[in-house]
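To keep things clear, I will list the structure first and then write my remarks on it.
Position 1 is the first residue of the sequence, and the numbers go up from there. What you see is a predicted model; the values in this text were computed from it and never measured.
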Amino acid sequence: MAAITKPLILITGANQGLGFATAQQLASTGQYNLLIGARSQEKAEGATKKLQESSIDISLTPIIIDLDQDESITTAAKFVQDRFGSLDILINNAGINRASDPNATLRETYREVFETNVFGVAVMTATFLPLLRASKYHDRRIVNVTSGLGQIGIAYSPISEYSAKIWELPVYRSSKSAINMISAVDAVSLEKENILCVLAAPGYCHTNFGDGQGIKSAEEGARPIVQAAIEGNPKELFGKLVDDENTLVEFGW
């Protein structure tokens, strides 16, 4: 088992977009050991190599995690258990916004998006929770990446840039609404163990996830994720959402 001298952070979907930008920002501090999660060894190792070229004094470990496969998640948790013994911070970043098959039926589309965005995140948290509980770190956290599109009030809003009048996107929206509720329940249930579960909303970023569209860079979008992971007082973050303006928002419906 490797000796850990810095807090250990696992980021899913860290090979590109917001996940990679989050890893870059955390790596630049030199204060953390990072687990670079991706669906394949090639992607995880590629991202790790790229990060190593631009950062110094960091420990990076590639790890395969496919959120659609329970066995992959279980294998990843065993790897962390055997190599490190515990985990300090989990960032559930990986997600999709549509089915991989453009000809998928509505049912198939909902199933594929929910498989990754909801079921995968729920299983990730449940599987890695024993490792978070085993950690002696004073500020253990679970960060779930969500979206303003998942808030019901925003969908109804006649003025919000994320209103359903502008963006319908019922499949993606509902998957993030589900994550919001899962996060709320986890936050309440884990509060007594001093494990913070907090939401981060990066905003509309021009990454592959959004087909290169968006109004913010991946670097800008990663900032609230980083803030939710390592900054602030956990008691003040409880029940809050760190939004894309890097501010805390009382999270309601």
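Taking CG of Leu149 as the reference point, atom OG of Ser163 lies at 10.0 Å (rounded to 0.5 Å). Of the inter-residue distances, the one linking Asp88 atom CG with Tyr32 atom OH reads 10.0 Å to the nearest 0.5 angstrom. With rounding to the nearest 0.5 Å, the separation of CE in Met124 from OG1 in Thr74 is 10.5 Å. Within the model, atoms CZ of Arg111 and OG1 of Thr116 stand 13.0 Å from one another, a figure rounded to the nearest 0.5 Å. Taking CG from Leu34 and OG1 from Thr48, the interatomic distance works out to 9.0 Å, rounded to the nearest 0.5 Å. To the nearest 0.5 Å, atoms CG (Asn15) and CZ (Phe20) are separated by 9.0 Å.
Counting non-hydrogen atoms of other residues, nucleotides and ligands closer than 6.0 Å to CD of Glu42 gives a total of 12 or fewer. More than 12 heavy atoms of other shown residues, nucleotides or ligands fall within 6.0 angstrom of atom NZ in Lys192. Annotation for Ile159: atom CD1 does not count as buried by contact number, only 12 or fewer foreign heavy atoms lying within 6.0 Å.
Leu87 places a side-chain heavy atom less than 4.5 Å from the side chain of Leu35. When side chains are defined from C-beta on, Phe119 does not count as touching Asp68, because their heavy atoms never get closer than 4.5 Å. Within the 4.5 Å cutoff, the side chain of Thr61 has no heavy atoms near those of the Asn33 side chain. Side chains of Thr22 and Val145 form no contact here, defined as non-hydrogen atoms less than 4.5 Å apart. Residues Leu132 and Leu190 fail the side-chain proximity criterion, which asks for heavy atoms closer than 4.5 Å. Cys197 is listed as a side-chain neighbour of Asn144, based on a closest heavy-atom distance under 4.5 Å. When side chains are defined from C-beta on, Val226 does not count as touching Thr29, because their heavy atoms never get closer than 4.5 Å. By the 4.5 Å heavy-atom criterion applied to side chains, Ser86 and Lys136 are not counted as neighbours.
The two atoms that bring Tyr172 and Ser147 nearest to each other are OH-CB, 3.8 Å, heavy atoms only. For the residue pair Ala200 and Ala228, the shortest heavy atom distance occurs at CB-CB, 4.0 Å. When all heavy atoms of Leu51 and Ala23 are compared, the pair lying nearest together is CD1-CB, 3.8 Å. Counting all heavy atoms, side chain and backbone alike, Thr105 lies closest to Glu108 at N-OE1, 2.8 Å. When all heavy atoms of Ile36 and Ala14 are compared, the closest pair comes out as CG2-CB, 3.7 Å. Gln227 approaches Arg141 most closely through the heavy-atom pair O-NH1, 3.8 Å.
Counted by atom type alone, Ser175 and Asn117 present one or more donor-acceptor pairs between their side chains at under 3.5 Å. Between the side chains of Thr125 and Asn92, a donor-acceptor pair is found at a separation under 3.5 Å.
Scored by the side-chain hydrogen bond (donor to acceptor under 3.5 Å, both in side chains) test, Glu191 finds no partners at all (sequence neighbours excluded). Partners of Gln41 under the side-chain hydrogen bond (donor to acceptor under 3.5 Å, both in side chains) rule, at least two apart in sequence or in another chain, are Glu45.
Tested against Lys176 for a side chain to side chain contact (heavy atoms under 4.5 Å, CB included), the candidates Asn97, Leu169, Thr146 yield a single pass: Thr146.
Although no hydrogens or angles enter the test, the distance criterion places no donor-acceptor pair under 3.5 Å between the side chain of Arg223 and the main chain of Gln25. Between the side chain of Trp167 and the backbone N or O of Ala155, no donor-acceptor pair lies under 3.5 Å. Side chain of Ser157 to backbone of Ile154: no donor-acceptor contact under 3.5 angstrom is found.
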Requested in this report: Walk me through it: do Glu112 and Ser100 pass the test side chain to side chain contact (heavy atoms under 4.5 Å, CB included)?
Outcome: CA-CA 8 Å; Glu112 186 171 345; Ser100 55; 2.9 Å; yes
Report task. Show your reasoning for whether side chain to side chain donor-acceptor pair (under 3.5 Å) applies to Asn93 and Thr12. Result -> CA-CA 5 Å; Asn93 162 76; Thr12 64; 5.2 Å; no
**Report entry** side chain to side chain contact (heavy atoms under 4.5 Å, CB included) between Ile89 and Tyr137, worked out
**Finding:** CA-CA 9 Å; Ile89 297 170; Tyr137 187 52; 4.2 Å; yes
Query raised in the report: Given the rule in the side chain to side chain contact (heavy atoms under 4.5 Å, CB included) test, do Ile65 and Leu10 qualify, once you have shown the distances and angles that lead to the verdict?
Result: CA-CA 10 Å; Ile65 303 177; Leu10 169 57; 3.9 Å; yes
Requested in this report: Evaluate side chain to side chain contact (heavy atoms under 4.5 Å, CB included) for Gln16 paired with Lys43, printing each intermediate quantity in order.
Outcome: CA-CA 9 Å; Gln16 63 178 346; Lys43 290 179 179 179; over 6 Å; no
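One hydrophobic cluster holds both Ile179 and Leu241 under the rule that ILVMFWY side chains link at heavy-atom gaps under 4.5 Å. Hydrophobic clustering, with ILVMFWY side chains joined whenever heavy atoms are under 4.5 angstrom apart, keeps Ile64 apart from Leu67.
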